[in-house]
Each structure stands twice: as C-alpha cells, then as structure tokens.
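What follows is one structure encoded as structure tokens, with my remarks underneath.
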Amino acid sequence: MDGTANATVGSYLATRLQQVGLRHYFGIPGDYNLALFDQILANQDLTCISCCNELNAGYAADGYARAHGVAAMLVTYSVGALSAVNATAGHYAEDLPVILISGGPNTHSEPENQILHHSLGEVRYGYVRDMFAPVTAAAVIIRHAQDAPRLIDQTIAAALRQRKPVYLEIACNIAALEVPAPKPYQFRQKPASNPEALKEAVDHAAAWLNAAIKPVAVGGVKLRAAGAVEAFRQFIDASGYAVAMMPNAKGFFPEEHPNFVGIYWGPVSSPGAEAIVESADVYLFAGPVLSDYASCGHTIEISPKKLLHVGTDFVQLPGALYQDIVMDEFFAALATRIKRNDTSLVTFNRTRTHTVPEPPIDREAPIRTRRLFAMIQGMLDADTTLIAETGDSWFNAINLALPQGCNFEIQMQYGSIGWSVGAALGYQLAVQPRRRVIACIGDGSFQMTAQELSTMIRYGLKPIVFIMNNGGYTIEVEIHDGPYNVIKNWDYAALVPAFNGGDGNGWSCRVRTEGEAQDAIDKALAHDGLSVIEAVIDKDDCSRDLLEWGTRVCASNARPPKTLKSFG
C-alpha cells in the first residue's frame with residue numbers, strides 16, 4: 001500500500017499484522033466480525049486458519065507465538081471472545097504476545113438503548129473489554145474510525161513491547177470505513193537500562209560472585225520474555241559455572257553444553273542437580289518464576305541470603321535492589337567482569353551418576369511409559385520440537401535429553417490441560433516444513449481439545465501426537481484421588497479416520513507392546529501428514545517424579561487456614 005492511498009479500518013489492521021511479521025492468524029467467524037473478516041481476508045499476505053472453537057484457537061495462537069514471536073486471532077463479540085479468555089490468561093501467564101481481535105456491536109446500539117444477541121441482555125456493552133483487562137497488557141474498544149489507526153498501533157505495540165496479550169474490539173459498522181494509510185511505526189522498542197543502576201548492579205554482583213567459593217547458575221522461564229537467552233549462555237561460557245535450568249525453561253540452554261547439569265526442580269530434579277544447586281554458597285537465578293508447580297509445592301531449599309535474583313527489569317541481592325535494568329545488558333556486562341570459577345561443575349562431574357542404557361526392545365512386552373519415552377528420545381534431533389502436556393508427560397519429557405537444536409515447550413505456569421493439542425497445531429504451522437513437532441498428551445487432557453486434529457489435517461500439518469491412554473487424569477490422581485479423575489474411554493486411534501473425512505491424510509494406530517510402538521514410530525516418521533499414536537498403558541503406570549511432586553503439591557494445597565487471634 002503506497003503512502004498516499006487511503007485504507008479501511010480492517011485493511012489498516014491487516015497491514016499492521018503483516019508488518020509485525022505475521023503470516024497466519026486464527027479465526028472463528030461470527031456475525032459481529034464478518035465485515036472485519038472480509039477486510040483482513042483481502043490481504044493476500046495473511047492466511048486465515050480456521051479452528052474448531054475459540055478456546056482451541058487461543059491455544060493454537062499460544063503455540064504460534066512461542067515459535068514465531070507473535071500471534072493473532074479473530075473472534076466475534078462476547079460469546080466468541082469470552083470462549084477465548086482462558087487461553088488469553090495463559091498467554092499472559094506465559095509471556096506471549098497474542099493479539100486477540102474481536103468484532104463489536106454496532107456503534108448505534110448502546111446510545112439507542114438496543115438489547116443485542118450474544119450479550120447479557122442489558123444495554124452495557126463494555127463488559128467484555130472489562131473482563132479482558134486483568135489478563136492483557138491493553139484492552140481497547142474502537143468505536144470511531146478516526147481513532148482506529150492510533151489505537152491499533154498502540155495496542156499492537158503494547159503486546160510486542162510487554163510480551164503480553166492484548167484485546168482489540170472493533171465495532172462491526174466501522175470495519176470498512178476509510179482511514180489514512182499506515183505510516184512507519186516502531187512497534188518494537190528495546191528498553192535500555194539506567195546506566196548508573198546497571199553499573200552499580202554489575203559491580204555489586206561481580207564482587208559477590210567473584211568472592212564465592214562454589215557459585216552456580218539457574219536459568220528460568222523469564223529468560224525468553226526478556227530476550228536474554230543468548231546473553232545468559234555467554235555469561236555461563238565466561239564464568240565456567242555449573243548451570244541448571246528450571247523445568248519451564250528446559251531447552252533455553254543447550255543440553256549438550258559441557259556446563260549443563262540438568263533440570264533443577266527441587267526433589268524431582270535431574271540426578272545430582274538439586275544437590276549441586278542447593279549446596280552452592282551463592283546461586284544466581286536468571287528469570288525464575290518460583291510457583292508451587294515449578295518449586296515442587298514450595299519445597300525447594302533456596303536461602304534468600306545466598307540468592308542473586310536477576311529479573312526481567314531488576315537485579316536483587318541480599319540487602320540491595322537495583323531496578324530499571326535490562327536483563328541481557330546485565331549479563332553482557334557481568335560476563336566481562338566475572339572471574340572463571342568451575343568448582344561447582346567439577347564437583348558435579350565428580351559425583352554424577354551415569355545413566356544405564358535401556359535394554360533392547362522386547363517386542364512382546366507390554367508398553368510402559370518409561371520405555372515409550374525412551375523410544376521418543378530416539379526421535380529427537382535438531383529439526384524437532386517436543387511439546388509436553390500438563391500431567392505425567394511433563395516429568396517423562398523433561399527427563400529426555402535434547403540434542404543440539406531440539407526445542408522444548410511446556411505450559412507450566414498456567415497449566416491448562418488440553419493446551420498441547422492446539423499448541424502443537426499453532427507451533428507446527430509456524431515452523432513447517434523445516435521442523436517437526438512431537439506432542440505428548442494424556443487421554444484426559446486430549447479429550448478437552450481433540451477437535452483440532454481435524455484442523456491439522458485440513459491444513460496439511462505433520463506433527464506426531466502421542467496419546468497416553470491410561471483411563472483418567474493421572475496428574476490429578478497423584479495430587480488428590482477420587483472418582484472424578486476417571487474418564488470415559490475413547491477409541492482414540494479411530495478419530496483420525498473420522499476427521500480425515502474422505503480427503504485427509506492423517507494416519508493413526510493403537511499400540512500395546514514395545515514392538516508395536518517401535519513399528520508405529522517408524523511409520524510416523526516416514527508419513528507425510530498428521531500421525532497419531534495411541535499408547536495403551538496401565539492406569540497406575542506413572543513416573544516416580546510425578547508421585548513425589550504430586551505428594552508435595554497436595555501438601556501445599558492442603559495447608560489449613562491460619563487461625564486469626566480474637567479481639568476483646
């Protein structure tokens with residue numbers, strides 16, 4: 001579009017989506033967004049991906065944003081948008097810039113006191129925006145065309161700069177109205193540190209770390225949101241420290257790096273990692289989120305007196321807080337001041353236990369979870385992304401070793417079950433054909449979002465999806481058991497032929513033995529389309545780490561209320 005021609009509100013938005021790098025957006029039509037759909041569809045550089053419902057589209061946007069850096073979705077007013085609010089809360093919790101666009105009521109409806117469908121039956125139509133406000137960086141309603149360019153630009157910029165979702169509602173009767181064509185706009189502005197605060201923080205941190213005997217580093221999930229993954233790696237190269245990653249930051253540091261000691265997750269850490277971290281005299285945590293899930297029910301043994309906490313915009317040491325500091329700038333500066341000290345790494349290598357190789361496949365043996373994940377380990381390479389659903393898949397997948405270049409995704413902070421099916425769709429869309437997604441999901445979670453297998457087939461996507469069929473919500477069983485954790489069993493493998501609908505290329509099978517599992521994996525790797533492998537496993541077959549973790553999270557949940565002292 002040239003600099004003199006006019007645009008419409010809808011085409012202006014489409015151009016801005018294209019300019020921030022989007023190639024796809026996820027959409028569910030509804031009468032309030034149809035005019036806006038028409039305008040966006042006219043942009044030939046954007047492709048609409050039609051999902052089965054708004055929640056699933058939100059999960060798909062989650063996966064796309066992880067792989068591509070930003071995502072967008074288009075829904076209708078109220079019934080559509082509010083169906084997506086759970087996914088949007090997940091975007092917020094996981095630091096993902098997703099632009100949620102909704103059609104809105106006609107601008108005449110409220111002033112003319114008209115009650116509308118898809119609403120609460122009352123003449124007050126700002127409630128959807130109000131509901132999104134707590135789970136977005138910006139929640140905006142556009143009712144006047146002349147405001148659209150400014151509000152569209154500011155809202156998209158808020159998503160990209162804060163790495164959080166935004167809600168953008170556009171009245172249905174202004175989508176085709178003319179506005180000035182888009183002009184240059186800087187959507188991404190990298191923040192800069194306060195120079196004085198940065199210098200003091202680096203001086204203080206370097207002096208403290210350089211005086212330590214056995215310092216260690218732990219990487220957290222905020223490294224990606226802060227854009228500091230590479231700077232953190234360079235700091236480790238300079239320092240020589242042993243480095244562990246928190247479970248929701250798995251894959252942010254090369255696992256083949258000589259300084260990598262595993263996943264730090266309290267009592268369910270990789271072998272040796274818990275001891276090497278908690279025995280350090282100083283530990284540097286980079287971008288951690290110490291939730292109950294990530295800290296194993298708040299049972300990790302981390303002393304504030306030994307903690308150097310590097311946040312996305314602050315550095316905290318015992319007795320000192322430095323703010324207005326950009327994380328990657330801090331690590332870049334600290335790397336030039338740090339004295340090399342590999343004591344923690346030497347200690348780890350001296351005391352580490354070596355993994356016993358898996359025995360050969362017994363083709364007739366019933367497939368067990370541990371053996372299945374050992375086979376999945378053999379599927380991983382530099383062109384693979386492994387996605388693990390909330391549940392026992394967390395623990396089994398986190399224990400796998402990622403080859404150089406292999407990526408890993410998990411939704412640990414928000415932990416919305418069913419997330420991985422949509423996330424696999426969105427992630428695979430963003431990276432196909434250069435990378436293949438392998439997704440591991442339990443049967444209970446899968447039943448939440450199963451429909452999106454049909455969307456993968458529709459758009460020719462080629463992930464490999466493992467469904468662990470053990471008849472229930474295993475993670476909930478280990479936290480607190482009850483009859484509500486039992487689900488109706490499905491013929492999961494039969495869903496793919498049904499979703500193919502006569503013209504799809506999806507393939508699926510059910511496996512019960514080690515031999516069947518290996519044969520299925522070989523076929524899936526060669527198949528040019530979606531592959532689904534249903535693994536039938538015993539209902540009590542779960543990882544030891546899940547048992548340990550579930551016990552501790554249950555204890556944290558079950559803490560009794562504190563008794564308040566009476567007055568008088």
Salt bridge Arg163-Glu94, side-chain N to carboxylate O under 4.0 Å: no
Considering only heavy atoms from C-beta outward, does the side chain of Met412 approach that of Trp265 to under 4.5 Å? yes
Ion pair check, Asp95 and Lys164, cut-off under 4.0 Å: yes
I'd like a table of donor-acceptor pairs (distance under 3.5 Å, sequence neighbours excluded) in which one partner is a side-chain atom from residues 298-305, with atom names and distances.
| residue | atom | partner | partner atom | Å |
| --- | --- | --- | --- | --- |
| His298 | ND1 | Ser295 | OG | 3.3 |
| Thr299 | OG1 | Cys296 | O | 2.6 |
| Ser303 | OG | Lys305 | N | 3.2 |

For Phe26, check ring-ring contact (aromatic ring centres under 6.0 Å, His included) against everything at least two apart and list the hits. Tyr64
Assert yes or no for the condition that the ring centre distance of Trp419 to Tyr414 is strictly below 6.0 Å. no
At what distance, to the nearest 0.5 angstrom, does CG of Asn469 lie from CH2 of Trp490? 11.5 Å
Could you report the tightest heavy-atom contact between Pro97 and Ala65, atom names first, then the distance? O-CB, 4.2 Å
Evaluate whether atom CZ of Arg512 has more than 12 neighbouring non-hydrogen atoms of other residues, nucleotides or ligands under 6.0 angstrom away. no
Is there a donor-acceptor pair closer than 3.5 Å between any side-chain N or O of Ser393 and the backbone N or O of Glu389? no
Between Arg337 and Asp203, does a salt bridge (Lys or Arg N to Asp or Glu O under 4.0 Å) hold up when you go through it step by step? CA-CA 8 Å; Arg337 300 280 307 281; Asp203 288 346; 2.6 Å; yes
Kindly compute the distance separating NE2 (His68) from CG (Leu96), expressed to the nearest 0.5 Å. 13.5 Å
Report yes if the side chains of Val218 and Leu284 come closer than 4.5 Å at any heavy-atom pair, otherwise no. no
Distance in Å, Ile276 CD1 paired with Asn349 CG, rounded so as to fall on 0.5 Å steps: 9.0 Å
Nearest non-hydrogen partners of Leu525 and Ile464, listed with the distance: CD2-CD1, 3.9 Å
For Glu230, what residues pass the salt bridge (Lys or Arg N to Asp or Glu O under 4.0 Å) criterion, not counting sequence neighbours? Arg233
Return all side-chain donor-acceptor pairs below 3.5 angstrom for residues 307-331, not counting sequence neighbours, or 'none' if the list is empty.
| residue | atom | partner | partner atom | Å |
| --- | --- | --- | --- | --- |
| Tyr322 | OH | His204 | ND1 | 2.8 |
| Asp328 | OD1 | Lys190 | NZ | 3.2 |
| Asp328 | OD2 | Lys190 | NZ | 3.3 |
| Glu329 | OE1 | Ser193 | N | 3.1 |
| Glu329 | OE1 | Ser193 | OG | 2.6 |

Establish, from distance only, whether the side-chain atoms of Ser416 and Tyr59 form a donor-acceptor pair under 3.5 Å. yes
With a 3.5 Å distance limit and no angle check, can you tell me whether Asp281 reaches the backbone of Lys306 through a side-chain donor-acceptor pair? no
Side-chain (Gln377) to main-chain (Ala401) donor-acceptor, under 3.5 angstrom: yes
Spacing of OG1 belonging to Thr385 relative to CG belonging to Leu380, to within rounding of 0.5 Å: 10.0 Å
Once you round to the nearest 0.5 Å, how far does CD of Gln447 lie from NZ of Lys488? 8.5 Å
Between the side chains of Asp538 and Arg368, is the shortest nitrogen-to-carboxylate-oxygen separation below 4.0 Å, so that they form an ion pair? no
Test of understanding: with salt bridge (Lys or Arg N to Asp or Glu O under 4.0 Å), list the residues that count as partners of Glu278, not counting sequence neighbours. none
Who are the side chain to side chain donor-acceptor pair (under 3.5 Å) partners of Asn56, not counting sequence neighbours? Gln451, Glu452
Determine whether Phe235 and Tyr241 make a side-chain contact, defined as any pair of heavy atoms from C-beta on separated by less than 4.5 Å. yes
Could you grab the distance from atom OG1 of Thr88 to atom CG of Leu100, nearest 0.5 Å is fine? 5.0 Å
Can you find a pair of side-chain heavy atoms, one from Lys250 and one from Ile410, that are under 4.5 Å apart? no
